[in-house]
Amino acid sequence: MARLGVRGDRRTAEVDPIRHDDSDGSDQTVQVTGPRARRSTPEDIDTIRHSTAHVMAQAVVDLWPGAHLAIGPVVEDGFYYDFELPGGARFTDDDLGRIDERMREIIAEGQPFVREEHTVDEAMSIFADQPFKLEIIDALAGEQAATGPQRSSPSASSIPVSAYRNGDNFVDLCRGPHVESTSQLGHFRLLRVAGAYWRGDEHLPQLQRIYGTAWESEEALKDYLGRLEEAERRDHRRIGADMDLFHFPPEIGGGLPVFHPKGALIRTLLEDFSRSEHLGSGYQPVWTPHTAKATLFEKSGHLQWYADNMYPPMEMEGAEYRLKPMNCPMHILIYANRQRSYRELPMRLFELGTVYRFERSGVLHGLARVRGLTQDDAHIFCSADQLVGELESLVAFVLRVLRTFGLTEFDAELSTRPEKFVGEVEDWDIATDALRSALDVSGIPYKVAEGEGAFYAPKLDIHLRDAIGRRWQVSTLQVDLQLPQRFDLSYVGADNERHRPYMIHRALFGSVERFFAVLLEHYAGALPTWLMPTQVAILPVRDAHEVYGAEVAEECGYAGLRVEVDSADEPLGTRIRRHKLAKVPYIVVVGDEDMTSRTVGVNRRGGSKPERAVDLGAFVAMVAGEVLGRSSPEDVVVLSPDHGPREAGQRGAGPGQGGVTSSGGATR
RNA sequence: GCCUGGGUAGCUCAGCUGGUAGAGCAGCGCAUUCGUAAUGCGCAGGUCAGGGGUUCGAGUCCCCUCCCAGGCUCCA
C-alpha cells in the first residue's frame, strides 16, 4: 500500500482487553486508550481481521516456539501483529510463505475460538512467559484499580481479563470479539514484515511486525489487492520517472529532488498560479533568505522546540547560522521593522519560501516527504476583531484554490489546546472558537482532535481525498499564540494604544512538492491541460504534411498552447502510441484532407475514437478555453453519444471560478 | 537511526547448486513516408553499487561501506 501522507487510523483494540464484547452493547464505557474498536458483530470485517491476526500469531508460535506476543490490532484494510522471536531471530520475506502455509492449515482445521475470563492473578500465571502480555495485564490492573469504584459490571473485579483459546496450546490475551471458528477465515494475504518498537518507542525493544490484510470474501480480497496495484501504478515517483519530471540524485543527498525541464515547468505553473491567486486576494509578496543566524531561531523558539527537525549549524565569521525550517521568523521581522498602525491590518505576507528540515533517512518518501521544500506560505497579522473574518475567508480561499485543481472532497481536523501550552487559556479559546466558526461556515466536515494542537497554537488541517479515496493532508492553518509575544509585536490602535496582533500561519498547498505529488497520484499523471508540459502533439501523416503541421503549431502557439510536432519518420501508430503513453491531452493528426480544408484529426485524451475533420480554429479555441478553465479533456460532457463531429468551445469558465469539476477517476 | 528487502546496460528484468554477462524497451545509424496504441535491419552500451576476503576461478559465497524501497517514528 502506498501510504504517502496517508495516516491510517490505528486502533489499538488489543491493549485494553478488559472491555469485553458483551453483546448487549454495554461497551459504552469511558474511553481511556484512544479510539475504540467499533462495535463488532461476528460478520464484521474487523472481527475477521483481528481473528486472522490471532491465527497468524498462532502460526508464528508454532513455527518459532517461545516467541513472545506483543499486540495485534486491526488497522485500515488489515491487521498486524508484533512479535519478539526467540534468540533475537527476525522474519524474512521467505518466512511469510511458511507462516501463510501454517495459517491455512489452522484454518482448515476449523478450530473454535473459545473465550475465557480470568482474574488478574490467573492471567498473570497463564501469561507468565509472555513479558509483553504481562505488561498489558499490569496496566489493566492499574486501570482497574483506578476506575474500580465506579465500574458498572458487577463481576468486573472477579473476571477482569479475557483471553481467547483455540487449538490445544494457543491462548492469547484479548478483548475480542472473534469469529467462532478459524474455518470462517481464509481470505487473507500476508503483506510485509517490518521492524516496530514496543509501544512505538525506539528506546524500547524492537519487535518484528507482520502486516496482513483480510476480507470477508475472495472477491473483496482481490479487489483490495487490485487497489494496491492501482496505488502502485499511480505512485508519483514512478510517474515522475516515466514522465521525466524529477529525480533524487544520490550525489545531492536524500530528500533533495531536482526538477527536470518538464517537472520544473509544471512546478512553475503551480507556483505562478498560487502567486497570482494570492496577489489577487490581498496578499503582499515578500522574499526572505534561506538562512539566518541561530540567534533568530533562539528568539523564535525553534531551537528550543524544533531543533530536531533543523539542519545542523554552519559557522561563519564566528556566528552560527542555520537553514530556516520555517519562514515565520523572517516574516515577523518584516512586520516588526517599523511601527504598525491598525490601518495596515490585516497584513497578509506571502512567500513561496523554501525551507529545509532534517528528516531521518527512513521517513523520506519521494516528493511527499523531502528535506528541502517550498511552502506557499503566508502569515497574517490582524487584530482581535478581524480574526474570525480572516479565518473564514482564509478557509474559503484555500478551498477555492484546491477546487480549481479538480479536487472535490475535503475534510478537516481541528486540534485544540494540549496539556502543555503557552499563553493564556482565554486567548486559546478565542483562537480555537474562531477556527471552529470558520470551519462551520465552510461547510466541510471536520472532527475535533482534543489536545492535539501544537504547544503554541490551535491548528486546523485540511485533508483531501484523491481519485482512489486516499486522504492527504495539505493545508494547515494555525493561530499562533506565542510568536507575537516572543517578538513583542504590536500595532497602534484607533485608541492610540499599543495592541498585540494575532498571527495566523498558513500553508495552502502544504508544500509545492507534496502538492505536486498529490496531483500526480490523483490524476495518475494525466494532469489537467493547463498543467501538461505538452498540450498538443501534432503528427503529420507524411513529410508532405509537415508544412501544414508547422502552421497548426503556429496557430496553437498564438493561442499560448504548448505544442510538439512529431515528424513523419516513424509510423503514425508508433507516434500516436508514444504520445498516448505520455498522456498528452490532444494528439492531432494532419494529412491530405486536413491540409486542403484546414482541419485536424483530434485524439482527445481519454476518448476512444479520433474525431476527423475538426476545424483548426475551433480546435485551438476549444483547447485554449480548456486551459483557461483549468479543466481536463476528460471533463468534457459528451455532446453527442456517437461522436458529434464538431463541438467547439464547450466550456468557458473563468480562471479561479472553482466551478470546474473533475470526475477525477476518469483516467483509465 | 532501527528492522526487512533490494542495487546486473538509461529503464524493466534474466543469469540454476561458483566456470568469466544476456533480453526487451529506450539511444544512435541506415532504410521505410505510413490516417490513429509498437516498421525493418544494424550498431553501440556493463570496473554486475564500492571496498575487502574465501577460491585455481566470484555477478553468484563471507565481511564492511554507500545508496534505494517498505515499515517503526514524525509531519508538510
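Values reported hereafter were calculated over all heavy atoms of this structure, with side chains retained and with hydrogens, waters and symmetry mates removed. Throughout, a chain's letter reflects where its sequence line sits, starting with A, and its residues are numbered from 1. This one's a predicted model, so the numbers in the text were calculated from it and none came from an experiment.
Comparing the same atom, C1', in B/U20 and in B/G46 gives a spacing of 14 Å after rounding to whole Å. Comparing B/A21 with B/A9, their P atoms sit 15 Å apart, to the nearest whole Å.
Among the heavy atoms of the strands lying under 4.0 Å from A/Leu581 is at least one base atom, whether or not backbone atoms are also near. Within the nucleic acid shown, A/Gln375 has no heavy atom closer than 4.0 Å to any nucleic acid atom. When heavy atoms are screened at a 4.0 angstrom cut-off, A/Thr476 is found touching the sugar-phosphate backbone but no base atom. Counting non-hydrogen atoms under 4.0 angstrom, A/Phe509 reaches nothing in the nucleic acid.
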List every contact pair, protein side and nucleotides 31-35 of chain B side both N or O, where the distance is under 3.5 Å.
residue, atom, partner, partner atom, Å
B/U33, O2, A/Asp543, N, 3.0
B/U33, O2, A/Asp543, OD1, 3.4
B/U33, O2, A/Ala568, O, 3.4
B/U33, N3, A/Asp543, OD1, 2.8
B/U33, N3, A/Asp543, OD2, 3.0
B/U33, N3, A/Ala568, O, 3.2
B/U33, O4, A/Asp543, OD2, 3.2
B/C34, OP2, A/Arg542, NE, 3.0
B/C34, N4, A/Ala568, O, 2.8
B/C34, N4, A/Glu570, N, 3.3
B/C34, N4, A/Glu570, O, 3.2
B/G35, O6, A/Gly591, N, 3.4
B/G35, O6, A/Gly591, O, 3.4
B/G35, O6, A/Asp592, N, 2.6
B/G35, O6, A/Glu593, N, 2.9
B/G35, N1, A/Asp594, OD2, 2.6
B/G35, N2, A/Asp594, OD2, 3.1
B/G35, N2, A/Arg612, NE, 2.9
B/G35, N3, A/Arg612, NH2, 3.4

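In the interface, the side chain of A/Tyr197 is paired with the base of B/G1 through a donor and an acceptor atom under 3.5 Å apart. Between the side chain of A/Arg369 and the base of B/C74, at least one donor-acceptor pair of N or O atoms lies under 3.5 Å.
Heavy-atom nearest nucleotides on RNA chain B were determined for A/Ile576 and for A/Arg90, and the one closer to the 5' end corresponds to A/Arg90. Where A/Lys580 and A/Leu207 meet RNA chain B, the nucleotide closest to each residue was compared, and A/Leu207 sits on the side nearer the 5' end.
Screening A/Arg267, A/Arg371, A/Arg369, A/Arg357 for a salt bridge (Lys or Arg N to Asp or Glu O under 4.0 Å) with A/Glu513, the sole residue that qualifies is A/Arg267.
The side chain of A/Arg577 approaches B/A37 more closely than any other nucleotide in the set B/G70, B/U73, B/A37. In this structure, of B/A37, B/A76, B/G1, it is B/A76 that holds the atom nearest to the side chain of A/Val370. Minimum atom distance to the side chain of A/Arg360 is reached by B/U73, of the listed B/A76, B/C3, B/U73.
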Take A/Phe509 and A/Phe516 through the ring pair (Phe, Tyr, Trp, His ring centres under 6.0 Å) test and state the conclusion after the steps. CA-CA 9 Å; A/Phe509 289 156; A/Phe516 195 163; over 10 Å; no
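Both tests do not hold together for A/Arg227 against A/Tyr224: distance to the six-membered ring centre under 6.0 Å, angle to the ring axis within 45°. Relative to the ring axis of A/Tyr80, A/Arg209 places its NZ or CZ within 45° and under 6.0 Å from the centre.
Contact annotation: A/Gln208 side-chain N/O to B/C3 OP1/OP2 distance is not under 4.0 Å. Phosphate contact (OP1/OP2 of B/C72, side-chain N/O of A/Tyr80, threshold under 4.0 Å): absent. Contact between the side-chain N/O atoms of A/Lys459 and the OP1/OP2 oxygens of B/A76 is found at a separation under 4.0 Å.
When the side-chain contact (heavy atoms from CB on, under 4.5 Å) test is applied to A/Tyr197, the partners found at least two apart in sequence or on another chain are A/Glu202, A/Gln206.
What separates CG of A/Leu85 from P of B/C3 is a distance of 14 Å, to the nearest Å. The interatomic distance linking A/His505 (NE2) with B/A76 (P) rounds to 11 Å, in whole Å.
The heavy-atom pair separating A/Phe79 from A/Ala53 by the smallest distance is CD1-CB, 3.6 Å.
Centroid-to-centroid, the aromatic rings of A/Phe619 and A/Tyr586 come within less than 6.0 Å.
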